J.: 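Shown below is the structure under consideration.
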Amino acid sequence: MVSIEDIRLAEARIGSQLLTTPFLESRTLSDIVGAQVFLKFENLQFTASFKERGACNMLTQLAQQGVRGVIAMSAGNHAQGVAYHAQRLGLAATIVMPRFTPAVKIERTRSFGAEVVLHGDTLDAARQHAFELAKSRRLTFVHPYDDDAIIAGQGTLALEMLEAVPDLDALVVAVGGGGLLAGMAIAARAMAPRIEIVGVQTTRFPSMFNAVKKTQHATGTSTIAEGIAVATPGVRTLEVISALADDLLLVDEGDIEQAVLMLLEIEKTLVEGAGAAGLAALLKYPDRFRGKRVGLVLSGGNIDPLLLGAIIERGMVRAGRLA
């Protein structure tokens, strides 16, 4: 299992290559949900996602080892993180993306010089194709979440958050494959053993929820939080989350839409569906967090403009501001 020492080494390795993003209290959101809410603005990273952390940590080590070519599978944010840092470090990058990936993420990935291969209608299908290409082309596979270097890189988020606000009561973190929650849980348990660690998944993709809680909620086919639309959790991440997380919660599409819109209107910040999952949980389960000091990660800001327009329109209709 990844250790706090691994995460501190990752922080030293990537610190000069990434932005230390702001971690600020939102007084308005705090008033609305009845908890003291602190927001970690990872949507301000260069590729607008926390995924840069794990990618940079792993690729920096691969470059030092003399690896020349890498391949990754991603619906977008991991793709951009790998492509950008591969370009910086002089590594050739191939990215396999499922066909449902938003166009904005595809074009952004290509802009970093990566070869983009669109394949499959699910993340699992894209992942299998990436494994096949890795073998046939002799490329090093950079997993989006189930890798120790990736987990350690993502864990640097918790270091920054708890160094800035040491007396947080809870961390509420979106979960797809589990790399972010696993890394943050390892760091947080070492720095603040009593802190509450809560993961959030969408009801349409409850894979980690099912695995940890031994439930059998059905998996859907699409979600506005495509960044956490993972049908199969990681092996390493499941082990960590089962051992260290206190709870997992499910939120609906409407909860996520409301959170995206509130962050846009109140904080003037753009987040994608996955990036709003933490706030969605606070809105859906206010009694669960009432009176606590809660840290949320705005994990990404790469939202399709057409989807954003639809979310805004539906929100205005619900609020009676649009007929």
Side-chain angles (χ1 to χ4, degrees), residues 1-23 38 40 42 45 49-67 70 72 77-78 81-82 85-86 88-89 91 140-199 208 212 233-248 293 295-297 299:
M1 183 183 290
V2 174
S3 68
I4 183 63
E5 288 75 19
D6 294 323
I7 296 172
R8 292 197 183 281
L9 284 172
E11 183 181 46
R13 190 176 293 119
I14 70 178
S16 63
Q17 303 180 68
L18 279 80
L19 178 67
T20 300
T21 52
F23 186 44
F38 294 83
K40 183 65 167 168
E42 282 297 286
Q45 291 290 357
S49 168
F50 79 96
K51 288 283 191 175
E52 276 194 48
R53 293 174 181 267
C56 183
N57 186 45
M58 184 172 182
L59 293 181
T60 298
Q61 294 175 80
L62 290 177
Q64 292 170 348
Q65 294 165 12
V67 170
V70 298
N77 289 334
H78 178 63
V82 171
H85 287 287
R88 286 184 53 254
L89 295 164
L91 301 174
T140 300
F141 186 75
V142 182
H143 202 285
Y145 49 85
D146 208 25
D147 181 275
D148 287 350
I150 296 295
I151 293 170
Q154 319 304 30
T156 60
L157 260 168
L159 296 185
E160 293 179 12
M161 293 168 73
L162 286 167
E163 286 165 359
V165 186
D167 56 349
L168 285 175
D169 297 309
L171 294 172
V172 182
V173 184
V175 183
L180 177 60
L181 180 59
M184 290 185 65
I186 293 166
R189 279 283 172 258
M191 297 179 70
R194 296 181 182 178
I195 196 168
E196 187 175 11
I197 300 169
V198 179
M208 187 67 75
V212 173
V235 176
R236 290 177 175 85
T237 57
L238 174 58
E239 179 185 1
V240 173
I241 290 168
S242 297
L244 300 182
D246 292 290
D247 200 4
L248 291 168
R293 295 164 63 85
L296 305 181
V297 180
S299 56

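Predicted model only: the values in this text are computed from it and were never measured.
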J.: About how many Å separate CG of Leu248 and OG of Ser242, when rounded to the nearest 0.5 Å?
T.: 8.5 Å
J.: Between Gln154 (side chain only) and Gly54 (backbone N and O only), is there a donor and an acceptor less than 3.5 Å apart?
T.: yes
J.: Measure across Ala158 and Ala187 and return the closest heavy-atom pair with its distance rounded to 0.1 Å.
T.: CB-CB, 3.8 Å
J.: How close do Thr237 and Tyr145 get, heavy atom to heavy atom, and via which atoms?
T.: CG2-O, 3.6 Å
J.: Any idea which heavy atoms bring Ile195 and Ala188 closest together, and the distance?
T.: CG2-CB, 3.9 Å
J.: Show the atom names and distances, to 0.1 Å, of all donor-acceptor pairs under 3.5 Å that link a side chain in residues 172-182 to residues at least two apart or in another chain.
T.:
none

J.: What distance do Glu5 atom CD and Ile186 atom CD1 have between them, rounded to the nearest 0.5 Å?
T.: 11.0 Å
J.: In the structure I gave you, are the side-chain heavy atoms of Thr60 and Gln64 within less than 4.5 Å of one another anywhere?
T.: yes
J.: To the nearest 0.5 Å, what is the distance between CE on Met161 and CD on Glu42?
T.: 9.0 Å
J.: Decide yes or no on side-chain contact (heavy atoms from CB on, under 4.5 Å) for Leu171 and Val297, but give the supporting numbers first.
T.: CA-CA 8 Å; Leu171 294 172; Val297 180; over 6 Å; no
J.: Run the numbers on Gln17 and Glu52 for side-chain contact (heavy atoms from CB on, under 4.5 Å), then give the verdict.
T.: CA-CA 10 Å; Gln17 303 180 68; Glu52 276 194 48; over 6 Å; no
J.: Treating Gln61 as the side-chain partner and Asn57 as the backbone partner, does any N or O pair qualify as donor plus acceptor under 3.5 Å?
T.: yes
J.: Would Ile197 and Met184 count as a side-chain contact (heavy atoms from CB on, under 4.5 Å) here? Give the steps.
T.: CA-CA 9 Å; Ile197 300 169; Met184 290 185 65; over 6 Å; no
J.: Does Asp146 offer a backbone N or O that forms a donor-acceptor pair with the side chain of Arg236 under 3.5 Å?
T.: yes
J.: Answer yes or no: is there a donor N or O on one side and an acceptor on the other, between the side chain of Lys51 and the main chain of Pro144, under 3.5 Å?
T.: yes
J.: Taking all non-hydrogen atoms of both residues into account, name the closest pair between Ala63 and Leu89 and its distance.
T.: CB-CB, 4.3 Å
J.: Among residues at least two apart in sequence or on other chains, which ones pass salt bridge (charged side-chain N to carboxylate O under 4.0 Å, His left out) with Asp246?
T.: Arg189
J.: Tell me whether Asp169 contacts the main-chain N or O of Arg293 through its side chain, where contact means a donor paired with an acceptor under 3.5 Å.
T.: yes
J.: Do Leu91 and Leu59 have side-chain heavy atoms sitting under 4.5 Å apart?
T.: yes
J.: Show the nearest heavy-atom pair for residues Ile14 and Cys56, with the distance to one decimal.
T.: CG2-SG, 3.7 Å
J.: Supply the atom-to-atom distance Glu11 CD to Asp6 CG, rounded to the nearest 0.5 angstrom.
T.: 13.0 Å
J.: If we only count heavy atoms from C-beta on, is the Val2 to Val240 side-chain gap below 4.5 Å?
T.: no
J.: Can you give me the closest heavy-atom contact between Ala164 and Phe23, atom names plus distance?
T.: CB-CD2, 4.0 Å
J.: For Asp247, enumerate each residue passing the side-chain hydrogen bond (donor to acceptor under 3.5 Å, both in side chains) test, keeping only those at least two apart in sequence or located in another chain.
T.: Lys213, Arg288
J.: Within a strict 4.5 Å, meaning less than it, do heavy atoms of the Met58 and His85 side chains meet?
T.: no
J.: If you round to the nearest 0.5 Å, how far is CE of Met1 from CG of Leu244?
T.: 5.5 Å
J.: Can you confirm whether the side chains of Thr156 and Arg53 place a donor and an acceptor under 3.5 Å from each other?
T.: yes
J.: Under a 4.5 Å cut-off applied to non-hydrogen side-chain atoms, are Val142 and Ile150 in contact?
T.: yes
